Student: 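First the structure, then my questions, so here it is.
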Amino acid sequence: MLFSSAIFIVLFLPVFLLCYLISPQRWRNHVALVFSFIFYTWGAPEFSILLFASGISDYLLSFKLLRDRAMIWLWIGIGYNVLTLAVFKYFNFFIENVEFLATSLGLEFPSYMSIVLPIGVSFFTFQKMSYLVDVYRGDSPRARNVIDYLLFVYLFPQLIAGPIVRYKDIADQISDRNTSETWSNRLGGFYRFCVGLARKVLIADSLAPLVDAVFASEELGAWSAIVGVVAYAMQIYFDFGGYSDMAIGLGQMMGFRFPENFNWPYLAKGFREFWHRWHITLGAWMRDYLYIPLGGNKASQARTIINLWLVFLLSGLWHGASWNFVIWGAWHGLFISVDRYTSVFRKLPKIIGVMLTFALVTLGWIWFRADTVHDALAYFGSLIDWDGVDIDFTSKQRTVLVISMVIAMLPQQLSAKALNWYRTENSSSDIWKTFISIALLFLCLGQLAIVKNYPFIYFKF
């Protein structure tokens, strides 16, 4: 079930909010858990029991972690979570590569059954592992009861594609949300949801046909290739940023405060700043549970570079079981190393540095979007093929692309003002938010009635 689907907007969400709001305070976690289970089961019924069973296992294991303080129990918990991720996400990738190698050597390879990827497995696995590590370290309290823990795992706003929430960040909110469940706060959440919905439906989905046409073309001219990859940079930002807005808004309507996941990433000057602005919760997770345990930047320069590369190679593989994603991770590992140990980005004027970073990040998206390494290399070739065939984009597509770039590249001062107003809670802003929310909601519903509803890009991860 998509947040941007009519069935979610006009059926699931109103029924959930009605049941949630009329329930006594002490039963609201139970209501949220039941609806979260329905939400996940709706989209992936065959994997609901898997998620439920692994959640129960984590909860029981946390007792052993607190009582024995033995690292063996932590490794067991990390091990079965990593094994779950490896089997469901990387088994097909591993077998495909073994099959390719065997075929190259002239050997026969037996047929096999592909394993279906559970929705959101990368996100909820990382959340579950962070809980075990934090409980072991003493950084997080253990869940008071199994309902609290399962709600942390299953909570539907952030279950499928984040933000990656840690238990310690919302432990107090799970136990008591009385002070945050105000009507002004709920209205702010509804506004945030509608803004995210508009970013997804009105911008990202409008750019999707353009991007699909460009990346499917076998004879592509340089101009169309440039427009296509810039359009994809905008599509993935407004798609994933829109989802994060919707998730944060839905949580806010329930009294939860989820961490921010984006902060105008295309205004970054350098790759280090980019990763402080893009998918913030993933970057923080990789830093705290992988980069720092590897030694971070406390060792030699060579060791630090190795740590950076390991983190970004694994980040690429986390995004998808494909060599394209590994190369995309290496792309970012390379430029973040250059950013860290040279003055290439730091000494450039602000606008030049931002433009260079945006250009390199956007070129990196080619690895992310192309189906195969061969397709990605062919696309890079199209960027300099001025004799190729150009695609005739519609006026609507060109207009949406320009609008998306203007929004994404707002000057820092304007973006800061927009963000502050975005989060302000007072009667004057509430009136405007109500008007804007209703207008955006009807615009999006009208758009959904006449055009294709595209799945969120990050759902496949």
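Keep in mind that what you see is a predicted model, and the values were worked out from it rather than measured. Residues take their numbers from the sequence shown, with the count starting at 1.
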Student: Go through Asp58 and Tyr80 one step at a time and tell me if the side-chain hydrogen bond (donor to acceptor under 3.5 Å, both in side chains) criterion holds.
Tutor: CA-CA 10 Å; Asp58 288 332; Tyr80 77 71; 2.2 Å; yes
Student: Could you give me the CA-CA distance, side-chain angles and deciding distance for Ile336 and Phe274, then say whether side-chain contact (heavy atoms from CB on, under 4.5 Å) is met?
Tutor: CA-CA 9 Å; Ile336 206 166; Phe274 175 78; over 6 Å; no
Student: Checking Phe335 against Phe345 for the ring-ring contact (aromatic ring centres under 6.0 Å, His included) test, could you report, in this order, the C-alpha distance in whole Å, the side-chain angles of both residues, the deciding distance, and whether it holds?
Tutor: CA-CA 10 Å; Phe335 287 109; Phe345 292 98; 7.2 Å; no
Student: Is the Phe52 ring parallel, tilted or perpendicular to the Phe37 ring (thresholds 30°, 60°)?
Tutor: perpendicular
Student: If you round to the nearest 0.5 Å, how far is CG of Leu317 from CH2 of Trp323?
Tutor: 8.0 Å
Student: Can you tell me if Tyr341 has over 12 outside heavy atoms packed within less than 6.0 Å of its OH?
Tutor: yes
Student: Relative to the ring of Tyr243, is the ring of Phe456 parallel (under 30°), tilted (30 to 60°) or perpendicular (over 60°)?
Tutor: perpendicular
Student: Would you check if Phe39 and Phe3 make a side-chain contact, meaning some heavy-atom pair closer than 4.5 Å?
Tutor: yes
Student: So Leu132 and Leu65, do their side chains get closer than 4.5 Å, heavy atoms only?
Tutor: yes
Student: Would you confirm whether Gln127, through its side chain, and Val165, through its main-chain N or O, come within 3.5 Å as a donor-acceptor pair?
Tutor: yes
Student: For Trp365, run the ring pair (Phe, Tyr, Trp, His ring centres under 6.0 Å) check against Phe358, Trp331, Trp278, Tyr237 and tell me which one passes.
Tutor: Trp278
Student: Could you tell me whether the side chain of Asp245 and the main chain of Val195 form a donor-acceptor pair under 3.5 Å?
Tutor: no
Student: Considering all heavy atoms of both residues, which atom of Phe262 and which atom of Ile280 are nearest to each other, and what is their separation?
Tutor: N-CD1, 3.8 Å
Student: Backbone N or O of Trp275 within a donor-acceptor pair of the His279 side chain at under 3.5 Å?
Tutor: no
Student: I'd like to check Phe152 versus Phe124 (side-chain heavy atoms, cut-off strictly below 4.5 Å). Are they in contact?
Tutor: no
Student: Donor-acceptor pair, distance only, cut-off 3.5 Å: does the side chain of Thr125 make one with the backbone of Ser122?
Tutor: no
Student: Quick one: pull up CZ in Arg192 and OG in Ser437 and give me the separation to the nearest 0.5 Å.
Tutor: 12.0 Å
Student: Under 3.5 Å, is there a donor-acceptor pair linking the side chains of Asn324 and Asp375?
Tutor: no
Student: Can you measure from CG (Asn185) to CZ (Phe190) and round to the nearest 0.5 angstrom?
Tutor: 14.5 Å
Student: Kindly write out the residues that satisfy salt bridge (charged side-chain N to carboxylate O under 4.0 Å, His left out) with Asp148, not counting sequence neighbours, or none if the list is empty.
Tutor: Arg144
Student: With Arg340 as the cation and Phe271 as the aromatic partner, state whether NZ or CZ is under 6.0 Å from the six-membered ring centre and within 45° of the axis.
Tutor: no
Student: List the atom pairs, with distances to 0.1 Å, where a side-chain N or O of residues 7-25 and a protein N or O form a donor-acceptor pair under 3.5 Å, not counting sequence neighbours.
Tutor:
residue, atom, partner, partner atom, Å
Tyr20, OH, Arg177, NE, 3.4
Tyr20, OH, Arg177, NH2, 2.8
Tyr20, OH, Glu181, OE1, 3.3
Tyr20, OH, Met254, O, 2.9
Ser23, OG, Cys19, O, 2.5
Gln25, OE1, Arg28, NH1, 3.4
Gln25, NE2, Asn178, OD1, 3.4
Gln25, NE2, Glu181, OE2, 2.7

Student: Could you check whether any side-chain N or O of Tyr131 sits under 3.5 Å from a backbone N or O of Ala143, counting only pairs where one atom can act as donor and the other as acceptor?
Tutor: yes
Student: Is there a side-chain contact between Ile436 and Cys194 (heavy atoms, below 4.5 Å)?
Tutor: no
Student: Report yes if some heavy atom in the side chain of Lys200 is under 4.5 Å from a heavy atom in the side chain of Cys444; otherwise report no.
Tutor: no
Student: Determine whether more than 12 heavy atoms belonging to other residues, nucleotides or ligands lie under 6.0 Å from atom CZ of Arg26.
Tutor: no
Student: With sequence neighbours excluded, what pairs up with Leu310 under the side chain to side chain contact (heavy atoms under 4.5 Å, CB included) test?
Tutor: Leu294, Ile306
Student: Taking atom types as modelled, is there a side-chain donor on Asn261 or Thr281 under 3.5 Å from an acceptor on the other?
Tutor: yes
Student: Take Ser54 and Thr84, measure what side-chain contact (heavy atoms from CB on, under 4.5 Å) needs, and give me the verdict at the end.
Tutor: CA-CA 9 Å; Ser54 66; Thr84 299; 5.7 Å; no
Student: Decide, yes or no, whether a salt bridge links Arg166 with Asp139 under the criterion of side-chain N to carboxylate O below 4.0 Å.
Tutor: no
Student: What's the shortest heavy-atom distance between Ala208 and Gln235, and which atoms?
Tutor: CB-NE2, 3.6 Å
Student: Starting at OG of Ser206, measure out to CD1 of Ile203 and round the result to the nearest 0.5 Å.
Tutor: 8.0 Å
Student: Using a distance-only test with no angle check, is there a side-chain donor-acceptor pair under 3.5 angstrom linking Asp134 and Tyr167?
Tutor: no
Student: Do Asp212 and Arg369 sit within salt-bridge range, that is, some charged N less than 4.0 Å from a carboxylate O?
Tutor: yes
Student: Can you tell if the side chain of Val361 reaches within under 4.5 Å of the side chain of Tyr266, non-hydrogen atoms only?
Tutor: yes
Student: Take Ser315 and His332, measure what side-chain contact (heavy atoms from CB on, under 4.5 Å) needs, and give me the verdict at the end.
Tutor: CA-CA 10 Å; Ser315 175; His332 281 265; over 6 Å; no
Student: Taking the side chain as every heavy atom from C-beta outward, state whether Ile457 and Tyr232 have any pair of such atoms under 4.5 Å apart.
Tutor: yes
Student: Does a side-chain heavy-atom distance below 4.5 Å link Lys128 with Tyr149?
Tutor: yes
Student: Work out which heavy atom in Leu202 is nearest to a heavy atom in Val400; give both atom names and the distance.
Tutor: O-CG1, 4.1 Å
Student: side-chain contact (heavy atoms from CB on, under 4.5 Å) between Met129 and Tyr289: does it pass, once the steps are laid out?
Tutor: CA-CA 9 Å; Met129 287 194 291; Tyr289 300 105; over 6 Å; no
Student: Over all heavy atoms of both residues, which pair between Leu151 and Phe256 is shortest? Give the atoms and the distance, please.
Tutor: CD2-CZ, 4.3 Å
